[in-house]
Structures are given as structure tokens and as C-alpha cells.
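Scroll down for the structure; my scribbles are underneath it.
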Amino acid sequence: MRMRIWLSGAAGAAALLAAAVALPLTASGGGLDQQNRARSLAPLGSEPQCEAYSGLPARWGSDPQAGMVHLGAGAFVFGSKFGYEDERPRGDGKTRVRGFWIDQTDVTNAQFASFVAATGYVSDAERQGGGAVFHKPTLEELNARDLAWWSWVAGASWRHPAGPGSSLDGIGNQPVTMVTQADALAYARWLGRDLPSEAEWEYAGKAGHDGAELDTAPRDRHGRPTANYWQGVFPLVNNNEDGHIGLAPVGCYAANDFKLYDMVGNAWEWTKDIYSGSHQVHSNGDTAAVAPASRRHDTPMVIKGGSFLCSRDYCVRYRAASREQQEADLPASHIGFRTILRDS
């Protein structure tokens, strides 16, 4: 499959706002607005801060918008002229979205555990008996089978993300994974929220920008990675320039200009939209290929933002406009989600 390789470039990120302050509107009239004036934003954006984070935002359980920021209605260019075919904008791409609240981070293991404790919810992976788990293969494994980095692991679930013997000990601050779209929706509805549409997600991910820098590898002006993605030759060599092998805690890197963390890299994120367009082979390998043969194939949905597996030589989807398809009921170790609350 032909891959386009983007040159590395600076990916702008706003400085962390840890205090409650008035935030400016973007030039388009959308983005962060005055509803954030009296809110304390998450104290994240660096390695020490993300490592110390419990995974539960301030006022969790008492504030209906705990851990969220409000984005005013606005317009943006939906898609990219520089990415894959299925990312091309329609017409000039100008798309307008209504205002909404959105989680500053991916939903964490700690947050999802709180939901399960309150409701007794049983996830799809637990009902299905497993999920697709990534591991770095040996050269022998690569020669032995296709997609050797994916395996269907019996007993894998959000509680045991790498399979039996793994647990959530010490990783309450990481994105919850091994969740299906239905799991994500169940959590969102517990809080009176929803999953974002693809357009809402991309509006938040682009954070008021529309330049070519959105389609470059996320690095700062010194060449350091500003997101958790794969540096090196996928899937054998990860140079670990970003400081993380595998998933990172949420918020280890600076927020974008809408004060949102990890909109690129770390974990793909579910949206509520059905995938349509030029259907391409999954660039990290179709996880459905390793599922049991008896498993029914479900509707392909849009996931956004890339993950720790996206590399310059293989995936190239560590970009806000990137989109991929994932079967709605297929749990995998590189997919999480965040929620929104739309303005009435």
C-alpha cells in the first residue's frame, strides 16, 4: 500500500493553564469561551504532572462538567488536502458546529472504574471473552504470520488490558481501552453526555488552526515529540523519543489551544459516526483479522486521532484530520474515548 510520509514539523501547543482565568475567543468566534472563566483547568501538561494525576478530575462526582472545557460554536475546515484519500474535504471543507463541553483528556481507567462501581456495567470484552491486544513481535513472528503484532487474547478486557495477569494497578491515570463503542456510549449516558461526532471531534482537535502544520509529525521547535506515537521502524523498533513505550498517562504533553490533551496519539478515540468514504486497509493492521472466526462483523465506525502505534513509516495518522474505521463491537488495546455535552 502506498503511504505518504509527512515531514516532521512544529505542532503548536498552548502553555498549560492551571488556574481559573478568563479565556479568549478564537478569531472565528468559536473555541474556548467565557463559560470557562471560573473553572480550574486540569493541572496537566508535563511528565511529573501526568504521573501524579489520579485519573479523576477535580470535583468528580459533584460537578456535571468535571474535567471538561466549553467550546463555543464555530467553523473550521473539515478534513485535509494533504492526508489520505478519505480525509479530503468536501468542497471548501468549511463546516460549522454548535457549542459543547468536552473532556480535557481521554476517559481514564479510574473514571471508567467509577462508572462500573456505580452501575455494575459489564463490558463487551467481558461478555465476548477477550479482545485484540498489541505486542511487539519478534522477527520470527513477523515471518510466520500477517499482522503478527495483533493477537486475540482470551480474558483481555478493560480490567485486564493485556489479558489475564494484567491489572489496572498503577495505571488509573491511563486512557481506558478494550472498550467498544457501546461501552463508551454507556459511560457517556451515565453522565448525561454523548460521544462526539467526527466533525465535533475534529473541530476540537484542530483547536482553531488550519495550516499545513496540522499534517506534520507532532514535534516542537527543538524536534522533540509532542505526543505519544511510534518513533522508529514499526513494529520492531520503537526509539522511545517521546518517553513512552505503549500507552502513557493522560496529559503528559502540552494541551492544544483549546486546552485539550492527547487529541493526537496515545489512544484512538471513538466517535458516534459510521465510517464512510474510500475504505482502506487499517494502517496498523485490521484488528478484526485476529478475532475468532465465529465472531459477527459489526458496523465500521469512525475513530480519530491516532495512537501510540502510529508511525512515520506505517500509519501516519497522528493528525487531527486522520480517520480510521473500527468495528463498533471490537475491543482493542489502542482505542479509548472522550465525551461531550452539547449545548441545548
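Position 1 is the first residue of the sequence; numbering continues from there.
- In the model, D273 has no side-chain atom that pairs as donor or acceptor with a side-chain atom of T271 under 3.5 Å.
- Y275 and D86 form a side-chain donor-acceptor contact under 3.5 Å, judged by distance and modelled atom types alone.
- Residues that satisfy the side chain to side chain donor-acceptor pair (under 3.5 Å) test with T339, not counting sequence neighbours, are D103, R193.
- When ring centroids are compared, Y203 and F78 stay outside the 6.0 Å threshold.
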Yes or no on side-chain hydrogen bond (donor to acceptor under 3.5 Å, both in side chains) for W268 and Q326, after CA distance, side-chain angles and deciding distance? CA-CA 10 Å; W268 284 98; Q326 176 75 2; over 6 Å; no

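- Salt-bridge annotation for E126 and R159: present, with a side-chain N of the basic residue lying under 4.0 Å from a carboxylate O of the acidic one.
- Scored by the salt bridge (charged side-chain N to carboxylate O under 4.0 Å, His left out) test, E241 finds R219 as partners (sequence neighbours excluded).
- Checked against salt bridge (charged side-chain N to carboxylate O under 4.0 Å, His left out), D183 has no partners two or more places apart in sequence or in another chain.
- For R98, there are no salt bridge (charged side-chain N to carboxylate O under 4.0 Å, His left out) partners two or more places apart in sequence or in a different chain.
- At a threshold of 4.5 Å between non-hydrogen side-chain atoms, the residues P57 and Q111 count as touching.
- Counting heavy atoms from C-beta on, the side chains of M68 and D63 never come closer than 4.5 Å.
- Taking OH of Y121 as the reference point, atom CH2 of W190 lies at 13.5 Å (rounded to 0.5 Å).
- Inter-residue side-chain proximity for S114 and W60 is flagged as met; some heavy-atom pair is nearer than 4.5 Å.
- In this structure, H244 has its ring center no closer than 6.0 Å to that of W230.
- Ring-centre distance between F234 and W149: below the 6.0 Å cut-off.
- For the residue pair S151 / R145, a side-chain donor-acceptor distance below 3.5 Å is found, with atom types taken as modelled.
- Residues L247 and T177 approach most closely at CD1-CG2, 3.7 Å, considering heavy atoms.
- Y261 places none of its side-chain heavy atoms less than 4.5 Å from the side chain of M263.
- At least one side-chain heavy atom of L236 sits under 4.5 Å from a side-chain heavy atom of L139.
- Partners of K304 according to the salt bridge (charged side-chain N to carboxylate O under 4.0 Å, His left out) rule, which considers only residues two or more places apart in sequence or in another chain, are E198, E202.
- In summary, the side chains of H70 and Q65 do not present any donor paired with an acceptor at a separation below 3.5 Å, with no hydrogens or angles considered.
- The hydrophobic cluster containing M178 also includes V133, V153, under a criterion of side-chain heavy atoms closer than 4.5 Å among ILVMFWY residues, counted directly or through chains of members.
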